[in-house]
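Since the structure comes first, as structure tokens, the remarks are kept for the end.
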Amino acid sequence: MPASRRPDPTGTRVPWPLGIPAAIGAAMLVVPFVALLVRAPWTSLGDILAGPEVAAALRLSLVCATLATLVSVVVGVPLAWFLARSRSRLVPLVRALVTVPLVLPPVVAGVALLMALGRTGVVGRLLDQWTGITLPFTTAGVVVAETFVAMPFLVISVESAFRAADRGLEQAARTLGAAPLTVFRRVTLPLTVPALLSGALLSWARALGEFGATITFAGNFPGRTQTMPLAVYLALESDPDAAIALSLLLLGVCLVVLLCLRGRWLGGLGHGAAGELR
């Protein structure tokens, strides 16, 4: 029998009827990126990215995304531990609320933040009266909006790692007299470092690309709340070349992040879903 007609024992060959829609689906996802590359102003790309407004948006985006990631780590890791280890009946409800921002329209997220933390919001009114601090339409508001939409990625990734961690090591540490916080800091947390790093990187990329919640809650003020996605939106009407240049920059950052993750966060999400089914 010719080699080309031998049956594939591994079953990895894709039947040609599936290959056609698969190729169409791939084209739908890839062609827009190729169009960006084709229409990119390569000869003036450096000058555009070095412009004062673009540089300010880039700097603000990097700072806010980094701060949002740090906040996500500080509060998200304990939250992930609670979701993974607590036996409270509130865990399913809390987990559902934590994952809502993953599927919530960003504009709705911005409206929700305004209703909660706006000057007349449920919490924002008290914050303004007691401390004089207002978050909407400020740089801090950008960090809050980005944290709101980005933190769930870190929580899901780290929760899956906590669930998969070897509890025998924790029990051994407790047997040796280690306090619970010491066990968490010296045993449990180091076991989740890969998931923590991948979740933080993914959260950083999500925060960097946030648009809807930011423009709704923090506005679009150059130098103060105008991040790169907002600059792209504004430039698209007056300077398409600048919009394409910024879009390429964001696309490059996202590609680098995904290449660094190498599918680990997808595996973490899969393990988390499997745990829910069990």
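The figures that follow rest on heavy atoms only: side chains count, while hydrogens, waters and symmetry mates do not.
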Test item: Glu159 and Arg95 side chains (from C-beta on) under 4.5 Å apart, heavy atoms =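 Result yes, sub-4.5 Å side-chain heavy-atom pair found.
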Flag yes if Leu97 and Val108 sit in one hydrophobic cluster, no otherwise; membership is Ile, Leu, Val, Met, Phe, Trp, Tyr, and two members link when side-chain heavy atoms are under 4.5 Å apart.
->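 No, no single cluster joins them.
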Linked, directly or transitively: Leu117 and Val98 (ILVMFWY side chains, under 4.5 Å) |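 Different hydrophobic clusters.
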Distance from [X] atom [atom1] to [Y] atom [atom2], nearest 0.5 Å?
| X | Y | atom1 | atom2 | answer |
| --- | --- | --- | --- | --- |
| Leu249 | Met228 | CG | CE | 5.0 Å |
| Leu230 | Glu210 | CG | CD | 8.5 Å |
| Thr66 | Glu146 | OG1 | CD | 9.5 Å |
| Leu67 | Thr139 | CG | OG1 | 10.0 Å |
| Ser72 | Met151 | OG | CE | 5.5 Å |

Taking all atoms of both residues into account, what is the closest heavy-atom pair of [X] and [Y], and its distance?
| X | Y | result |
| --- | --- | --- |
| Ala200 | Val73 | CB-CG2, 4.2 Å |
| Val187 | Pro190 | O-CD, 3.3 Å |
| Ala40 | Ile244 | CA-CG2, 3.7 Å |
| Ala231 | Leu246 | CB-CD1, 3.7 Å |
| Pro229 | Ser61 | CD-OG, 4.4 Å |

Over 12 non-hydrogen atoms of neighbours within 6.0 angstrom of CZ in Phe221 |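 Enclosed: over 12 neighbouring heavy atoms sit under 6.0 Å from CZ of Phe221.
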Phe211 and Tyr233 aromatic ring geometry - parallel, tilted or perpendicular at 30°/60° bounds |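 Rings of Tyr233 and Phe211: tilted, 30 to 60°.
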Exam field: side chain Thr99 to backbone Ala96, donor-acceptor pair closer than 3.5 Å |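 Present.
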For Trp42 and Leu37, indicate whether the former's side chain and the latter's backbone hold a donor-acceptor pair under 3.5 Å.
->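 A pair under 3.5 Å: yes.
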For a side-chain contact (heavy atoms from CB on, under 4.5 Å) with Leu248, tell me which candidate from Val253, Leu49, Leu36 qualifies.
->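 Of all the options given, the one that passes is Leu36.
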